[in-house]
Amino acid sequence: MTDIKLYNTMAREKQVFTPIDPKNVRMYVCGPTVYDRAHLGNARPVVVFDVLYRLLRHVYGPDHVTYVRNFTDVDDKINATALQRKEAGAEGTLEELVHERSNETIGWYLQDMGALGALEPDEMPRATEFVGPMIAMIEDLIAKGHAYEAEGHVLFAVESYKNYGRLSGRSVDDMIAGARVEVAPYKKNPMDFVLWKPSTDDLPGWDSPWGRGRPGWHIECSAMSYELLGATFDIHGGGNDLQFPHHENEIAQSKCAHPDAGFANYWLHNEMLQVEGKKMSKSLGNFFTVHDLLEQGVPGEVIRFVFLGTHYRKPMDWTEKKAEQAFNTVRRWQAHAQAVGFGERGEGVGDNVEVIPGFVEALSDDLNTSLALTLLDRFEREYLREENVELDMVAQFSRSLRLIGLDGKRKDQNAFPEEIAAQFDKASAWSRIGTMIDAARTEKNFDEADRIRDAAKAAGFEVHTTKDGTILSETLDSDYSKLEGL
């Protein structure tokens with residue numbers, strides 16, 4: 001079995017991944033707060049942990065991996081968007097509008113992430129479905145002396161957990177000095193964080209021993225992961241912006257509630273995303289959602305490809321140039337796969353087909369997706385541009401695309417989506433243009449070769465002359481209709 005090595009944030013080193021139970025590998029990833037469309041930065045951890053999920057399924061078997069990613073559907077931001085709707089004249093109580101907004105946003109999220117080729121996790125719990133276990137965990141923490149009630153709130157006492165700060169590498173005193181925390185008179189320590197808080201009559205709330213209220217953010221993931229994966233599981237992941245305070249607080253709660261358990265054995269965090277070298281910000285005008293890009297005609301596979309081009313632990317820069325290069329590559333690669341009916345007839349590309357050499361090893365080395373893409377590019381150039389391509393080679397290539405999520409398959413679809421499939425007929429057309437140019441040159445009809453080349457360029461394609469022949473590259477400006485006359 002292939003060894004998987006992962007960088008464990010807690011250990012601050014790359015470690016060989018050893019699951020608690022190889023027949024029941026368990027992973028929890030913090031999901032979105034569902035108050036609006038997911039922006040591009042929200043999508044990066046989805047793609048990162050989707051690749052890890054796919055790799056774990058490949059190595060341990062799809063029936064031996066459980067992936068949980070939650071939805072936070074009780075939050076002040078959700079309440080605020082629902083309140084705006086009510087003030088604008090929407091019908092229903094505020095609580096009903098909150099529920100309506102959550103459902104709407106979850107639907108958008110799953111649709112947008114599906115367009116990026118992300119598999120849906122095995123479990124997608126909503127925080128509102130687990131309030132009972134959250135209350136039970138809070139009661140237990142109070143009983144054990146790790147939490148206290150104050151003015152309708154329940155707070156976790158950080159000084160009661162001696163290892164608080166180990167994940168982020170900071171002491172409590174350092175955190176107090178550098179953190180912006182809510183200073184409330186009922187807090188015993190400025191770093192103490194909320195487990196439960198009061199809720200007004202019109203907002204979502206639940207009865208509890210401390211009055212009607214709602215849970216704090218951090219307790220949600222501790223309770224849901226415990227209920228679905230147990231007191232100790234294998235991997236916990238998310239963006240590095242969650243490392244502190246969210247993940248630090250999760251650890252404190254869970255370790256104090258279950259002192260004999262380990263909570264998560266491996267902690268993985270992805271770096272943040274930039275746009276054209278700058279932090280994504282509405283004030284800079286470079287803030288956009290995944291839906292915005294999809295609506296502009298950028299295929300989900302292109303977005304995914306750009307993400308995979310940078311190692312998950314490095315900051316990623318989204319640029320138009322990268323998107324255009326990805327567009328060219330993805331269309332060419334998927335055209336090879338479609339040529340043998342991949343996704344339709346499925347000849348030779350079942351899960352039992354081997355991937356290209358070195359591919360699993362690259363992904364197993366702390367998800368080195370950049371190297372995996374390089375191996376795909378090299379394999380395609382060396383083996384798939386021959387006149388008589390071997391079906392086995394195409395099958396290996398297609399199986400590799402499937403493993404990394406670039407095969408074009410989407411939720412509940414065995415074939416390529418129509419908008420992608422339509423491109424394959426066009427792709428075969430553009431490959432024929434290169435053959436026509438080479439044929440004209442072979443016949444020494446250079447005027448005809450130049451005519452076809454110039455027409456292809458006028459249609460928005462790049463034309464490359466290589467030792468193996470003429471190759472056309474698609475760009476975002478390519479107009480296939482202008483090729484029809486050729």
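Sequence positions, counted from 1, serve as the residue numbers for this chain. Being a predicted model, the structure only gives us computed values, none of them experimental.
- A donor-acceptor contact under 3.5 angstrom links the side chains of E271 and N240, judged on distance only.
- Aromatic ring pairs are classed by plane angle as parallel below 30°, tilted from 30° to 60° and perpendicular above 60°; the pair H236 and W267 is parallel.
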Stepwise, does the side-chain contact (heavy atoms from CB on, under 4.5 Å) test hold for D377 with W333?
CA-CA 9 Å; D377 183 67; W333 287 2; 3.9 Å; yes

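- Side-chain contact check for E250 and H246: at least one donor-acceptor pair (N or O, by modelled atom type) lies under 3.5 Å.
- The aromatic ring centroids of F359 and F379 lie 6.0 Å or more from each other.
- One finds no salt bridge joining K321 and E324 here, because no Lys/Arg side-chain nitrogen approaches an Asp/Glu carboxylate oxygen to under 4.0 Å.
- Between F263 and F233, the ring planes lie perpendicular to each other; the angle is over 60°, past the 30° to 60° tilted range.
- Under 3.5 Å, the side chains of D73 and T128 contain a donor-acceptor pair of N or O atoms.
- Side-chain N/O atoms of T9 and Q243 include no donor and acceptor closer than 3.5 Å.
- Electrostatic pairing of D50 and R69 does not count as a salt bridge here, judged by no charged N lying under 4.0 Å from a carboxylate O.
- Put simply, the side chain of C221 reaches to within 4.5 Å of the side chain of Y28, judged on heavy atoms.
- Ring geometry for Y164 against F193 counts as parallel: the plane angle stays under 30°, on a 0 to 90° scale with 60° as the upper cut.
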